[in-house]
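All values below come from the heavy atoms of this structure, side chains included, with hydrogens, waters and symmetry mates left out.
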Number of protein chains: 2
Amino acid sequence: MSLSYALLGLLRGSPINGYAIKALFDEAINFVWQAELSQIYRELESLEKKGLLCSTIEPQRDRPSKRLYQVTEAGRLAFEKWATTIPDSFATPKRDEFSLRIFFGSGTDKELMKEEFRRYIEHMRGLRKGAEKYTNLAERFPGDQVMARADQICREDPYCDFIRRRAVLVSEAQILWAEECLAKLEAGPGS
Amino acid sequence: MSLSYALLGLLRGSPINGYAIKALFDEAINFVWQAELSQIYRELESLEKKGLLCSTIEPQRDRPSKRLYQVTEAGRLAFEKWATTIPDSFATPKRDEFSLRIFFGSGTDKELMKEEFRRYIEHMRGLRKGAEKYTNLAERFPGDQVMARADQICREDPYCDFIRRRAVLVSEAQILWAEECLAKLEAGPGS
DNA sequence: TTTATCATGTAAGTCGTTACATGATTGA
DNA sequence: TCAATCATGTAACGACTTACATGATAAA
């Protein structure tokens, strides 16, 4: 599973706690990975048991204590191995509810399907907009060192920009596709 | 979960057995849904227990017996309800190992990353090629009525074509993106 | 004779979501 | 006072994968 590598990769830098990782996933790298807090905590615990991470409790004055994680040497090695081994297959599991709904569209009222495409286009425009600009983590989390650092890394790292650019291009392709479908449905008989 | 609706949708037509459904997923609608045989069998069983499907055993002379499934009236209603209710969100779970590998690319040797992009482009070209033509199920499964019928439906159904077209456009966008990334890596310092 | 295809299933384990529990502080 | 944010976790369930078991026929 790749969540473990996402965590090992993120924890190579300064120590982070589970809650902040969730914020990073949601705010900064939402084109890359997604996970629920409960899953993150469980995975961090599991990685620590395996000796790939270690944690320390950091008490805070005005906030609850944090459990800060860092990679161990073994964790760093495991990540390195994963990062330098090109996978045999690039296939991603194909399980997309929207595709399925469209696939079975011919049994559904055409006006309803048109509305579904319109809503999909709105959704995709939102995604594109979100990907077009850098997520300004430093602004959103003022005074947070971890976020400031993540922000800076993303701004300087060409690979981080690749991922952002991909989100833009792919969502644009899907917008064009959906608009094309809508036009065909409107041009077709009985509309 | 949507696998159940994929099954209910497929089984609205002529009765099909689990093994044939797997073939349909793999050959015809691989842009739409994916599932392992073991999961299909379990899900079919579960849907029958819920009264949404019913099955009959069909003995064959030269082959093992088949368990043929069909939707019940309750199953048809459940499918209708799903198909005619536009979901609140179009978000798909974002969990793509390739994105993650690129995101962490700056720590990896540049030549290795270039090779990874090249392999990715090859993979995407294969996907595009597969999507450009109709999957000729009738040719691949000569004499198979279920496949012949699925083939014909796909050929006549505009929604089926939408899905195919989407796969073409999205894989094209990803090819362009990856080529753009490669060019940037090659133009950058130290290449 | 061995491999491939057809055919159905079970069992174990991993991965992921949803719901629940707890409790502190801050701001409206 | 009430909601929001910060913070960590547990428990139950649901979804998916991998491995295993079985056995027939057809083709190489």
Side-chain angles (χ1 to χ4, degrees), chain A residues 1-7 15-27 33-50 53 55-69 89 91-97 100 140-144 146-147, chain B residues 1-7 15-27 33-50 53 55-69 89 91-97 100 140-144 146-147:
Chain A
M1 19 91 192
S2 301
L3 172 59
S4 46
Y5 295 107
L7 294 174
I16 325 182
N17 61 321
Y19 195 83
I21 289 168
K22 172 64 173 162
L24 272 176
F25 277 154
D26 289 350
E27 306 281 343
W33 209 264
Q34 180 200 69
E36 294 303 319
L37 251 180
S38 60
Q39 203 196 345
I40 292 169
Y41 285 127
R42 231 185 329 114
E43 193 64 34
L44 287 170
E45 206 189 344
S46 152
L47 288 169
E48 192 173 24
K49 266 183 196 158
K50 286 174 191 160
L53 292 181
S55 71
T56 50
I57 302 277
E58 189 199 56
Q60 299 180 109
R61 273 144 277 152
D62 51 347
R63 300 257 158 219
S65 301
K66 288 174 175 179
R67 183 180 286 273
L68 294 172
Y69 284 92
S89 167
T92 51
K94 185 68 200 169
R95 228 165 279 121
D96 173 13
E97 185 171 354
L100 193 65
R140 287 209 228 176
F141 297 84
D144 190 318
V146 170
M147 292 303 179
Chain B
M1 19 85 189
S2 302
L3 172 60
S4 47
Y5 295 107
L7 295 174
I16 324 181
N17 61 321
Y19 195 84
I21 290 168
K22 171 65 174 162
L24 273 177
F25 277 153
D26 290 350
E27 305 282 343
W33 207 265
Q34 181 200 71
E36 293 304 319
L37 251 179
S38 60
Q39 201 196 346
I40 292 169
Y41 284 127
R42 237 180 330 108
E43 193 64 33
L44 287 170
E45 205 189 347
S46 152
L47 289 169
E48 192 172 24
K49 267 185 196 156
K50 287 175 191 160
L53 292 180
S55 71
T56 49
I57 301 277
E58 190 199 57
Q60 298 181 111
R61 274 144 277 152
D62 50 348
R63 300 256 159 219
S65 303
K66 288 175 177 181
R67 182 181 287 272
L68 295 172
Y69 284 93
S89 168
T92 50
K94 185 68 200 169
R95 229 166 280 121
D96 172 14
E97 183 171 355
L100 193 65
R140 284 207 230 178
F141 296 85
D144 190 317
V146 170
M147 293 303 179

Between [atom2] of [N] and [atom1] of [X], the distance in whole Å:
X      : N      : atom1 : atom2 : value
A/I40  : D/dT8  : CD1   : C1'   : 12 Å
A/M147 : D/dT5  : CE    : P     : 14 Å
A/K22  : D/dA7  : NZ    : P     : 15 Å
B/N17  : C/dT5  : CG    : P     : 17 Å
A/E58  : D/dA7  : CD    : C1'   : 12 Å
B/E45  : D/dG14 : CD    : C1'   : 16 Å
B/L44  : C/dA7  : CG    : P     : 14 Å
B/Y19  : D/dA24 : OH    : P     : 17 Å

Going from CG on B/L47 to CG on B/L3, what distance comes out if it is rounded to the nearest 0.5 angstrom? 8.0 Å
Please round to the nearest 0.5 Å and tell me the distance separating atom CZ of B/F25 and atom CG of B/L7. 5.0 Å
What heavy-atom pair brings [X] and [Y] nearest, and what distance separates the two atoms?
X     : Y      : answer
A/E48 : A/Y69  : OE1-CE2, 3.8 Å
B/A23 : B/M147 : CB-CE, 3.5 Å
A/Q34 : B/T92  : NE2-O, 4.4 Å

Below 4.0 angstrom from OP1 or OP2 of C/dG9, is there any side-chain N or O of B/Y41? no
Below the 4.0 Å mark, does D/dC6 have OP1 or OP2 next to a side-chain nitrogen or oxygen of A/Q60? no
On DNA chain C, nearest-nucleotide positions of B/A20 versus A/S2: which is more 5'? B/A20
Counterpart residues, side chain to side chain donor-acceptor pair (under 3.5 Å), relative to A/S4 (two or more places apart): none
Passing option when A/K66 is tested against A/I57, A/I16, A/N17 for side-chain contact (heavy atoms from CB on, under 4.5 Å): A/N17
Protein-proximity profile, nucleotides 16-28 of chain C, B/S/- by nucleotide at the 4.0 Å heavy-atom cutoff, equals BBB----B-SS--
